[in-house]
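Order of the sequence lines sets the chain letters (A, B, ...), proteins ahead of strands, with each chain counted from 1.
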Amino acid sequence: MSDIEVLLPDGSTRTLSDGATALDLATQIGPRLAKDALAAVVDGELTDLETPLFNGATVSIVTPKSDLGREVLRHSSAHVLAQAVTRLWPGAKYAIGPAIDDGFYYDFDLPGGVHFSDDDLERIDEEMRAIVKEDQPFIRSEYSVVDGLALFADQPYKVEIINAVLANATPEDLAEVASPSVVSTYSNSPAFVDLCRGPHVPSTSHLGHFKLTRVAGAYWRGDEKRPQLQRIYGTAWESEEALAAHLHQLEEAELRDHRRLGQELDLFSFPTEIGPGLGVFHPKGGTMRRIMEDYSRARHVAGGYEFVYTPHITKADLFEVSGHLEWFAEGMYPPMELDDGQKYYLKPMNCPFHTLIYKARQRSYRELPLRLFEFGSVYRYEKSGVVHGFTRVRGMTMDDAHIFCTREQMTDEIKSLLEFVLDLLRDYGLTEFHLELSTRPPGKAVGTDEEWEEATATLAQVAGSAGLQLTLDEGGGAFYGPKISVQAKDAIGRTHQLSTIQLDFQTPQRFEASYIGADNARHQPIMIHRALFGSVERFMAVLIEHYAGNMPTWLSPEQVRVLGVKDAHDDYAFDVASALRLEGVRVGLDEASEPLGARIRRAKLEKIPYIVVVGDDDVRSGTLGINARGSNDPERGVTLSEFRDRLLSEIASHGSPEVN
RNA sequence: GCCUGGGUAGCUCAGUCGGUAGAGCAACGCAUUCGUAAUGCGUAGGUCAGGAGUUCGAAUCUCCUCUCAGGCUCCA
């Protein structure tokens, strides 16, 4: 028997006897590795440990504490979930069960149309732990398509997957089988066989650090028109500590939920009397929003924008010309019908209105680019199940602008616009971005192929030269044009879609907008739609979550609260507050009717950047005690002028007390 | 829109087997005057989301509607 030689990731080589598997390799390297090993990567292909190696192969062993390892154990956990469900509900049909970020899920169709309830999760969890204890090996088998179809004769979803792969293999389908001509399965006991490409952990005993999290409905193959299956979600990790850390992180995320902080900090609410997805801003949230908007306005003035205002409703005609009634009607509120039979719609977008402003008179090429800006409130009829705090609403205000320019100007205009966007977002404290390019939505778009190609190529060129990571969102554009969207990463690593920049050849055409060029001829302008916050409400929600409610000083509704130690100090406290207010600082005063500790506690819970405490010493020497947010170590004896200078410079630089 | 689970005082929540409503915080009043995260006592506050039904009797059981959360689909 001849030997084979394999290459390890560190560049070294190992000699093994012919027919040796990845597990044999791991064993040869060390018993610890053999014990930990879950799978292997052979020449870039993720595969089972049982896979025989061949001469010259590059092999790495996959262990639990790696992304690949976690993916394998999550995928295997999904199989155990399915096995547990088929034990508890004999006759259950199982559909697909992949690994996802942080966990896994599996979709089921229970006999008699039964649905899982939350209580079932506990039973399933117990059954899964029993299976783990049974230490069942995952055994791979391969069948012909015919045999595969016979094997899964009583599993209609599996049959559908096999047939779909035969007909037209999508990457999603291929995840479930080996290749279009070979049906691969894994069984971890004779009683449970699943269609799967693999690989899997050697046996169920490698699993166990999991938690089933929720049950949800999910459409078969993600299609609203197909039957809805019962999905169970779980999370799984390589160790109890990693699982606990993940659960802890979820709790942390919950603490910064803007809906919760909006309530706790008295910023805004969603009165049920008004309706779903329609929020109101309380004075503190209103202050925060006003500051956000004012700063944006100032930047837009500097950026050459002109400010316009337009109504919230319009005759149907306008949206017929724009194409919204043809392409966007299901996102619009139903019309109001007036006595004379005229239909009026609430506006879901501002662009047609701005186009009419453009068209209000003859335009010259000398006016272009013409940049029209509006904090425009729009209303969209979102499906009832999708509204979510201020991140998905039915009424919102966009920091919307439409730029009319010539075809020659558009590339430069988009380039400088992208810089403007990123610069502005950084001023609000977001620093990590990537871009997404959304292309023509198939079957839902107006305009010629050439126009779409030119617009998409222009955006791609600008996005590519921005030096940021660029991802492609195939078919995600608006009906009138492709778009670049700016995705920002927040403090706990989540990404949020914020700004969108859309290039539109269609609207000017539909409205017959034109300008007179230097050649004294009529030309059609190009239109750029752009919103930097996206919606003001949502941007505020993102910032609140990013900062966990600890807003930088310039955005805090109350920047300083002054407390007298006892009521003999209230006059001095008032003077301090007045002096700061003269400088434009938002200052609150909490008089000494309660113990100092209680007032400090309340101010801390309100996340006010600076608590100023004044007592006898301060009255005597004209100083302050400063208790900054994020610190439990107050500074004593600071002069008013020193504090004022520090505070004003922090506000001007958009800083926070935490980072000083 | 669909699936699962919720809705009890301003907020967070308890309420057993169907027997007529409870706490903490907040609010209000009185007292307390205090140097860095909760002073004490008292008062008031509820058509138990809304409607219908079952029952001698419903926060509790059934149905419908509204609404919230987590998913799916869709999306800024």
Protein-nucleotide distance ([X], atom [atom1]; [N], atom [atom2]), rounded to Å:
{"X": "A:E224", "N": "B:rC2", "atom1": "CD", "atom2": "C1'", "answer": "8 Å"}
{"X": "A:L212", "N": "B:rG5", "atom1": "CG", "atom2": "C1'", "answer": "16 Å"}
{"X": "A:K383", "N": "B:rA76", "atom1": "NZ", "atom2": "P", "answer": "14 Å"}
{"X": "A:E382", "N": "B:rU73", "atom1": "CD", "atom2": "P", "answer": "15 Å"}
{"X": "A:E606", "N": "B:rC11", "atom1": "CD", "atom2": "C1'", "answer": "14 Å"}
{"X": "A:R392", "N": "B:rG1", "atom1": "CZ", "atom2": "P", "answer": "13 Å"}

Can you tell me the base-pairing partner of [N]? Count Watson-Crick or G-U wobble geometry only, both distances below 3.5 Å, and say none if there is no partner.
{"N": "B:rC48", "answer": "none"}
{"N": "B:rA58", "answer": "none"}
{"N": "B:rG22", "answer": "B:rC13"}
{"N": "B:rU43", "answer": "B:rA27"}
{"N": "B:rA69", "answer": "B:rU4"}
{"N": "B:rC74", "answer": "none"}
{"N": "B:rC34", "answer": "none"}

Extract from the structure each pairing of a protein N or O with an N or O of nucleotides 43-51 of chain B at less than 3.5 Å, listing the distance.
none

[N] versus [M] - spacing of their [atom1] atoms, nearest Å:
{"N": "B:rU60", "M": "B:rU54", "atom1": "P", "result": "15 Å"}
{"N": "B:rG46", "M": "B:rC11", "atom1": "C1'", "result": "15 Å"}
{"N": "B:rC13", "M": "B:rU8", "atom1": "C1'", "result": "9 Å"}
{"N": "B:rC3", "M": "B:rG10", "atom1": "P", "result": "32 Å"}
{"N": "B:rA9", "M": "B:rA27", "atom1": "C1'", "result": "11 Å"}
{"N": "B:rA59", "M": "B:rG15", "atom1": "C1'", "result": "9 Å"}
{"N": "B:rG45", "M": "B:rG1", "atom1": "C1'", "result": "40 Å"}
{"N": "B:rG57", "M": "B:rG18", "atom1": "C1'", "result": "8 Å"}

Residues forming a side-chain hydrogen bond (donor to acceptor under 3.5 Å, both in side chains) with A:R538, sequence neighbours excluded
none
Sorted by chain and number, sequence neighbours left out, side-chain hydrogen bond (donor to acceptor under 3.5 Å, both in side chains) with A:K566 holds for none
Just to verify, what does A:Y547 make a ring-ring contact (aromatic ring centres under 6.0 Å, His included) with, not counting sequence neighbours?
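Once residues adjacent in sequence are excluded, A:Y547 has no partner under the ring-ring contact (aromatic ring centres under 6.0 Å, His included) criterion.
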Those residues that, when tested against A:H115, pass ring-ring contact (aromatic ring centres under 6.0 Å, His included) (two or more places apart)
none
Pair [X] + [Y], salt bridge at N-O below 4.0 Å:
{"X": "A:R259", "Y": "A:D257", "answer": "yes"}
{"X": "A:E642", "Y": "A:R646", "answer": "yes"}
{"X": "A:R289", "Y": "A:E537", "answer": "yes"}

Closer than 4.0 Å, any side-chain N/O of A:K604 to the OP1 or OP2 of B:rA38?
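No, no such contact exists.
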Ignoring backbone atoms, test whether A:H115 places a side-chain nitrogen or oxygen under 4.0 Å from the OP1 or OP2 oxygen of B:rC3.
no
Tell me which pairs pass salt bridge (charged side-chain N to carboxylate O under 4.0 Å, His left out) where either residue lies in residues 91-117 of chain A, with sequence neighbours left out.
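Sorted pair list: A:D107-A:R231.
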Given A:E650, A:Q559, A:R629, the one that forms side chain to side chain donor-acceptor pair (under 3.5 Å) with A:T553:
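Going through the options one by one, the only one that passes is A:E650.
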Tell me what [X] touches on the nucleic acid: a base, only sugar-phosphate, or nothing, going by heavy atoms under 4.0 Å.
{"X": "A:Q230", "result": "sugar-phosphate"}
{"X": "A:F539", "result": "nothing"}
{"X": "A:V393", "result": "base"}
{"X": "A:K225", "result": "nothing"}
{"X": "A:M396", "result": "base"}

Looking only at heavy atoms, what is the nearest atom pair of A:I124 and A:A84, with distance?
O-CB, 4.0 Å
Under 6.0 Å between ring centres: does that hold for A:F108 and A:Y106?
yes
Flag the pair A:H529 / A:Y480 as yes when their ring centroid distance falls below 6.0 Å, and as no otherwise.
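So the answer is yes for these two rings.
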Protein proximity profile, nucleotides 26-36 of chain B - base contact B, sugar-phosphate-only contact S, no contact -, cut-off 4.0 Å on heavy atoms
------BBBBB
What one-letter contact string describes nucleotides 65-72 of chain B from 5' to 3', where B marks a base within less than 4.0 Å of any protein heavy atom, S marks contact via sugar-phosphate atoms alone, and - marks no contact?
--SSSBBB
Under the side-chain hydrogen bond (donor to acceptor under 3.5 Å, both in side chains) definition, can you give me all pairs with a residue in residues 267-278 of chain A, not counting sequence neighbours?
A:S269-A:H282
Under 4.0 Å from any atom of RNA chain B, heavy atoms only: list the residues of residues 486-503 of chain A that qualify, in numerical order.
A:Q497
Given that A:A598 and A:L229 both sit by RNA chain B, which one's nearest nucleotide is further toward the 5' end?
A:L229
Can you name the salt bridge (Lys or Arg N to Asp or Glu O under 4.0 Å) partners of A:R494, sequence neighbours left out?
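Scan of A:R494 (salt bridge (Lys or Arg N to Asp or Glu O under 4.0 Å), adjacent residues dropped) gives A:D490, A:E545.
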Sequence-distant partners of A:D575, salt bridge (Lys or Arg N to Asp or Glu O under 4.0 Å), two or more places apart
none
Answer whether the closest heavy-atom distance between the side chains of A:M398 and A:V378 falls below 4.5 Å.
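Yes, their side chains come closer than 4.5 Å.
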List the steps and the verdict of ring pair (Phe, Tyr, Trp, His ring centres under 6.0 Å) for A:H496 and A:F539.
CA-CA 9 Å; A:H496 305 271; A:F539 187 61; 9.9 Å; no
